[in-house]
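As structure tokens, the structure follows; a few thoughts come after it.
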Amino acid sequence: MPDPTSPAPVLARLSSDASCLHQALHTLPADRGASALAARITDAQDLASTALRLFLTLSAQASRPSPTDLLLPHHVAQIAKAAQDAAAELTAALARAVDNQRRQAAATSRRIVLIGPTPQQYIESAADLLDRIPALCHTVSRDRPEAPGQ
């Protein structure tokens, strides 16, 4: 019978969700619609929230943790940070896209100055951050010592 306090199912879900979100970023509409981007931001924030809840659960279980016991929360914190950083990059992409649209709408001449980095550069940065999460989840699963009797 699986251990109900095991982080394995949560890590598997985090890995899967990060991979799906990574793929979704590569298939965003060509016009980079603000609503599609906002939906991906909330997905990344949900990933971070799930990882932070796992961290809190693990922290509550450890009374006097050894350095080895702290590896798991350390990796989970890295997963939460990667997801939160991805959400921040996507938020920056959204803000830049809206600002560039505003500049284009307000332009009185054909010459429009758009500022960089571009929304696409922020999105690529977020995708790179999300790409780290499955590897971190695998590291956690690989490094986690088995409890006796499992």
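Sequence positions, counted from 1, serve as the residue numbers for this chain.
Closest approach of A83 and L47 over heavy atoms only: CB-CB, 3.7 Å. A18 and L130 get closest at one heavy-atom pair: CB-O, 3.9 Å. Counting all heavy atoms, side chain and backbone alike, A93 lies closest to L37 at C-CD2, 3.8 Å. Considering all non-hydrogen atoms of both residues, A127 and H22 come closest at O-CD2, 2.9 Å. Closest approach of P7 and L54 over heavy atoms only: CB-CD1, 3.6 Å. Residues A80 and A48 approach most closely at O-CB, 3.8 Å, considering heavy atoms.
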Next on the checklist: Please determine whether side chain to side chain contact (heavy atoms under 4.5 Å, CB included) holds for the pair D17 and D43, giving the CA-CA distance in whole Å, both sets of side-chain angles, and the decisive distance to 0.1 Å.
Outcome noted: CA-CA 9 Å; D17 289 353; D43 292 342; over 6 Å; no
Checklist entry - Yes or no on side chain to side chain contact (heavy atoms under 4.5 Å, CB included) for I123 and E89, after CA distance, side-chain angles and deciding distance? => result CA-CA 7 Å; I123 292 168; E89 290 292 308; over 6 Å; no
Item to check | Derivation and outcome, side chain to side chain contact (heavy atoms under 4.5 Å, CB included), residues V76 and L136 | outcome: CA-CA 8 Å; V76 172; L136 286 167; over 6 Å; no
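Cluster annotation: V10 and I79 are assigned to the same hydrophobic cluster (Ile/Leu/Val/Met/Phe/Trp/Tyr, side-chain heavy-atom contacts under 4.5 Å, transitive). Both F55 and L14 sit in one connected hydrophobic cluster of ILVMFWY residues. Membership requires side-chain heavy atoms under 4.5 Å apart, directly or through other members.
Q121 contributes a side-chain N or O that, together with a main-chain N or O of T118, makes up a donor-acceptor pair within less than 3.5 Å. A donor-acceptor pair under 3.5 Å is absent between the side-chain atoms of S49 and the main chain of Q45, judged by distance alone.
One finds the CZ atom of R13 at 10.5 Å from the SG atom of C137 (value rounded to the nearest 0.5 Å). Note that OG of S16 is 12.0 Å distant from CD1 of I133, once rounded to the nearest 0.5 Å. Atom CG in L70 sits 11.0 Å away from atom NE2 in H75 (nearest 0.5 Å). The distance from the CG atom of L72 to the CG atom of L11 is 7.0 Å, given to the nearest 0.5 Å. Interatomic distance, L71 CG to T139 OG1, rounded to the nearest 0.5 Å: 10.5 Å. For the atom pair CG of D46 and CZ of R40, the computed distance is 10.5 Å after rounding to the nearest 0.5 Å.
Within the structure, the salt bridge (charged side-chain N to carboxylate O under 4.0 Å, His left out) test picks out the following pairs touching residues 90-109 (sequence neighbours left out): D99-R102, D99-R103. Listed by first and then second residue, the salt bridge (charged side-chain N to carboxylate O under 4.0 Å, His left out) pairs involving residues 119-129 amount to none (not counting sequence neighbours).
Using a 3.5 Å distance cut-off with no hydrogens or angles, the side chains of T57 and R53 do not pair a donor with an acceptor.
Within the 4.5 Å cutoff, the side chain of L94 has heavy atoms near those of the V98 side chain.
Under the side-chain hydrogen bond (donor to acceptor under 3.5 Å, both in side chains) criterion, S15 pairs with no residue, sequence neighbours left out.
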